[in-house]
**Q** 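Handing you this structure, nothing more for now.
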Number of protein chains: 2
Amino acid sequence: MRGIRQLAKHLDISIGTVSRALNGKPDVNEETRKRVLAAAEELGYVANQSGRSLRQGTTNVIGLMIESSKETVENSDNFFLGLTGGLQSVLARHKLDLVMLPCPSDEDPHEYVKRMVARRVVDAMILSATQRIDKRIDFLAKAKIPFIALGRSSSGGNYTWIDLDFEGVAACAVDRLVAKGHRRIAIAAPSNDVNLGYVFVEAYRRSLERHGIEYDPALVIRVKSSEQGGYQAGHELVRLEPRPTAIILIYELMAIGLYRRMVEAGVVPGRDLAVIGFREEPRARFLQPTLTCFRMSLRDLGVELAETLLATMPAYAEFYPKGARSTIWPLELVAGESDAFSLDA
Amino acid sequence: MRGIRQLAKHLDISIGTVSRALNGKPDVNEETRKRVLAAAEELGYVANQSGRSLRQGTTNVIGLMIESSKETVENSDNFFLGLTGGLQSVLARHKLDLVMLPCPSDEDPHEYVKRMVARRVVDAMILSATQRIDKRIDFLAKAKIPFIALGRSSSGGNYTWIDLDFEGVAACAVDRLVAKGHRRIAIAAPSNDVNLGYVFVEAYRRSLERHGIEYDPALVIRVKSSEQGGYQAGHELVRLEPRPTAIILIYELMAIGLYRRMVEAGVVPGRDLAVIGFREEPRARFLQPTLTCFRMSLRDLGVELAETLLATMPAYAEFYPKGARSTIWPLELVAGESDAFSLDA
DNA sequence: GTGGCACACCAAAACGTTTCCGGAAAGAAC
DNA sequence: GTTCTTTCCGGAAACGTTTTGGTGTGCCAC
């Protein structure tokens, strides 16, 4: 019951053969393999991961890093848990396990990553919440630890990432609003330090210019990606003169706070102000008027992340001939009532 | 070639001494210890966890198990991520790491736990979402793997748990409503299979009887713990004759759906119907009228969980002389507008 | 000078696996 | 009958760490 040695003795076979049998290696009689598997099942033998890891220098565990800052906790709405289903469905094919690694808010994410890989807790990492300059990426790339980032970054040179289609979303939102007659379109986004903030606002700017509308920095409202941030964005919005007729929110949660501020100011969303949110969040689903936003499948994204990550790992690359291509993940428009009215009417 | 051996060679000391120096063992000169620590820092040496685990049969990792079912993903609202801060602050004292283990929705939680401990991925586990009959608990108790459960269960005999104060919450809610003149008080709860559903409704029943109000099974509405469940509860509620004047919700999220159904039915929460929610959820915070509910600190709960778990582990028990007591975790009432009106007025 | 003792260190033995290497047995080819 | 393959298996060497038992110093007391 304890160890492969016991199992071998019980079968009266050498431990080498038992190991080969269990791991599907050649050089073992099919008859013997069956006996071994049956005995393992019967005695409830499961290989000790420490021994295996030590020998082959690999842990068979993939880490999904999560920043457990207060902001993430309050605003991410199980984004990561939604990812795990897709991730695991792929990893399970290779008997890999997934663990979520919550980086304590008082520890430097860079140090945390270093510690986790140096201690050999995981073989590879999935990063998220990338910064424009991200030391974690530089470190992992230099140390040649397989990883994939959910989000682009200026760091790390030529690494593999998957990122949401901010350009597409911003362009779609602007197109929609312009088609309804809007010209003064505000945007609420986090600061440029967060990669998302930078990329999104740039895409918004290009989309405007494509329509011949001049980009006005005053219409870019920098706030936190939260309900409170949305309230604050609303506060800034009503003080703009003339008041914008539309606003694009980079996080849907902002809509909750924005709506509240609008009600206070006597501005009716969906009638006096067109609103488009970005990523659909469960807790914004009930808003009245319903919010126009963009949807994606977290599960599918998880699958893509896992497959692309495995493609970067020599041991698994053969199974994923598509290779480790960085990709832009598309989102689907969900039309709501919040931007349904036309300005010309 | 890297590893403790190289460090030892670099210092011209035996590896045994290096190991003892790093781990704060006695039998090593303070002068030598300093040199070792300095060299380790300089060369960026971090002990290989696999080797260490193999030798001492312990992984120094604690697992927080999460059911990643669709329902959890949609409704738990980062409950677990909120816990990690408190957990880690305690575990860090002993150089223990925390990983979150999301059980795939298509795998039996019992098998998952077995696999994780048999593979020696973690030393101990924190369980949640306990069932009234929970095979995981029976297994861990029998295998003598340290664990703690967030939630009581009928399984496992004498194990250590921490559970929310459902009795206190139910009693407080009933007391409040009765004091305002309510007699027909409904409750929305999940089925009795979920331990929470069972315990909560029992507490509700006893509280009613304490006030001399007859318990009416028709007022117990069994629905899912979700927004949709709340909507459905509202649907059932308006069909009851005579209509209850108050309702207690076991999950605050239900309030969102309930409010929606009430609006449809022309019933105004906070005027025609008193509503009390249970655990404060971020995404219900904006409701109008504001919801009376119960609050707790996830961080503090995390600390308590970790300390109690460590108290059950021989290697750490000495640091937690309070011992491994099961405890009831209190919640604090947050009075809102949803039950402010008095029935007699 | 001898015994006892604390100190600081070294060498080697574990821990449970996987994997390399060699070799026995059984045929096959000549 | 010899040589050569093929098929299967056993022995033993790793992997990096902690821990045990042993050893050589000094120092003190007698």
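Order of the sequence lines fixes the chain letters, A, B, ..., with proteins taken first and strands second; residue numbering starts at 1 for each chain. No hydrogens, no waters, no symmetry mates; every other heavy atom, side chains included, goes into these values. Values in this document were obtained by computation on a predicted structure and should not be read as measured data.
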**Q** Could you tell me whether A/His110 atom NE2 has more than 12 heavy atoms of other residues or ligands within 6.0 Å of it?
**A**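 Correct, the count exceeds 12.
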**Q** Heavy atoms only: give me the nearest B/Ala21-B/Arg33 pair and the separation to one decimal.
**A** O-NH1, 3.0 Å
**Q** So how far off straight is the helix from C/dG1-D/dC30 to C/dC30-D/dG1, going by the axes through five pairs at either end, to 10°?
**A**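 What I find for the helix from C/dG1-D/dC30 to C/dC30-D/dG1 is an axis angle of 60°.
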**Q** Applying side-chain contact (heavy atoms from CB on, under 4.5 Å), name anything that partners A/Ala124, two or more places apart in sequence or on another chain.
**A** A/Ile62, A/Pro146, A/Leu309, A/Met313
**Q** Sort and list the pairs that fulfil salt bridge (Lys or Arg N to Asp or Glu O under 4.0 Å) and have at least one residue in residues 35-56 of chain A, not counting sequence neighbours.
**A** none
**Q** Name every donor-acceptor pair, under 3.5 Å, that has one atom in a side chain of residues 96-106 of chain B and the other anywhere in the protein, sequence neighbours excluded.
**A**
from: B/Asp97; atom 1: OD1; to: A/Arg115; atom 2: NH1; distance (Å): 3.1
from: B/Asp97; atom 1: OD1; to: A/Arg115; atom 2: NH2; distance (Å): 3.4
from: B/Asp97; atom 1: OD2; to: A/Arg115; atom 2: NH1; distance (Å): 3.2
from: B/Asp97; atom 1: OD2; to: A/Arg119; atom 2: NH1; distance (Å): 2.5

**Q** Please list, in numerical order, the residues of residues 21-43 of chain B that have a heavy atom closer than 4.0 Å to any atom of DNA chain D.
**A**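 Heavy-atom contacts with DNA chain D come from B/Asn23, B/Lys25.
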**Q** Indicate yes or no: does B/Lys114 engage B/Glu107 in a salt bridge with an N to O separation below 4.0 Å.
**A**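 A salt bridge is absent here (no side-chain N lies under 4.0 Å from a carboxylate O).
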**Q** Give, ordered by number, those residues of residues 117-125 of chain A having at least one heavy-atom distance below 4.0 Å to an atom of DNA chain C; if nothing qualifies, reply none.
**A**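 Correct list: empty, so none.
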**Q** Where does the chain A footprint on DNA chain C start and end, counting 5' to 3' with a 4.0 Å heavy-atom cut-off?
**A**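 Boundary nucleotides touching chain A, in 5' to 3' order, are C/dG16 to C/dC20.
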**Q** Name all residues meeting the side chain to side chain donor-acceptor pair (under 3.5 Å) criterion together with A/Tyr320; count only those two or more places apart in sequence or in a different chain, and write none if there are none.
**A** A/Arg93, A/His94
**Q** Taking the nucleotide of DNA chain C with the nearest heavy atom to each, does A/Arg5 or B/Thr17 sit closer to the 5' end?
**A**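 Result: B/Thr17.
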**Q** Would you mind telling me which of A/Ile328, A/Leu196, A/Leu301 makes a side-chain contact (heavy atoms from CB on, under 4.5 Å) with A/Leu164?
**A** A/Leu301
**Q** So with a 6.0 Å cut-off around CD1 of A/Ile133, is the heavy-atom count from everything else above 12?
**A**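 Counting neighbours around CD1 of A/Ile133, 12 or fewer heavy atoms of other residues, nucleotides or ligands fall under 6.0 Å, so no.
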**Q** State, without any angle test, whether A/Asp123 and A/Thr58 hold a side-chain donor-acceptor pair at a distance under 3.5 Å.
**A**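 Checked: A/Asp123/A/Thr58 side chains pair up, N/O donor to acceptor below 3.5 Å.
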**Q** Cut-off 3.5 Å, side chains only: do B/Ser50 and B/Ser53 have a donor facing an acceptor?
**A** no
**Q** By side-chain contact (heavy atoms from CB on, under 4.5 Å), which residues pair with B/Asp27, not counting sequence neighbours?
**A** B/Arg20
**Q** Can you check whether A/Phe147 reaches A/Ile137 side chain to side chain, under 4.5 Å on heavy atoms?
**A**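 A/Phe147 vs A/Ile137: side chains touch.
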**Q** For A/Thr160, check side-chain contact (heavy atoms from CB on, under 4.5 Å) against everything at least two apart and list the hits.
**A** A/Ile148, A/Thr308, A/Thr312, A/Ala324, A/Ser326
**Q** side-chain contact (heavy atoms from CB on, under 4.5 Å) with B/Lys322: which residues, sequence neighbours excluded?
**A**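 Per chain and number, B/Lys322 pairs via side-chain contact (heavy atoms from CB on, under 4.5 Å) with B/Glu304, B/Glu307, B/Arg325.
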**Q** Identify, residue by residue, the members of residues 49-61 of chain A with a heavy atom below 4.0 Å from DNA chain C, and return them in order of residue number, or none.
**A** A/Gly51, A/Arg52, A/Arg55, A/Gln56
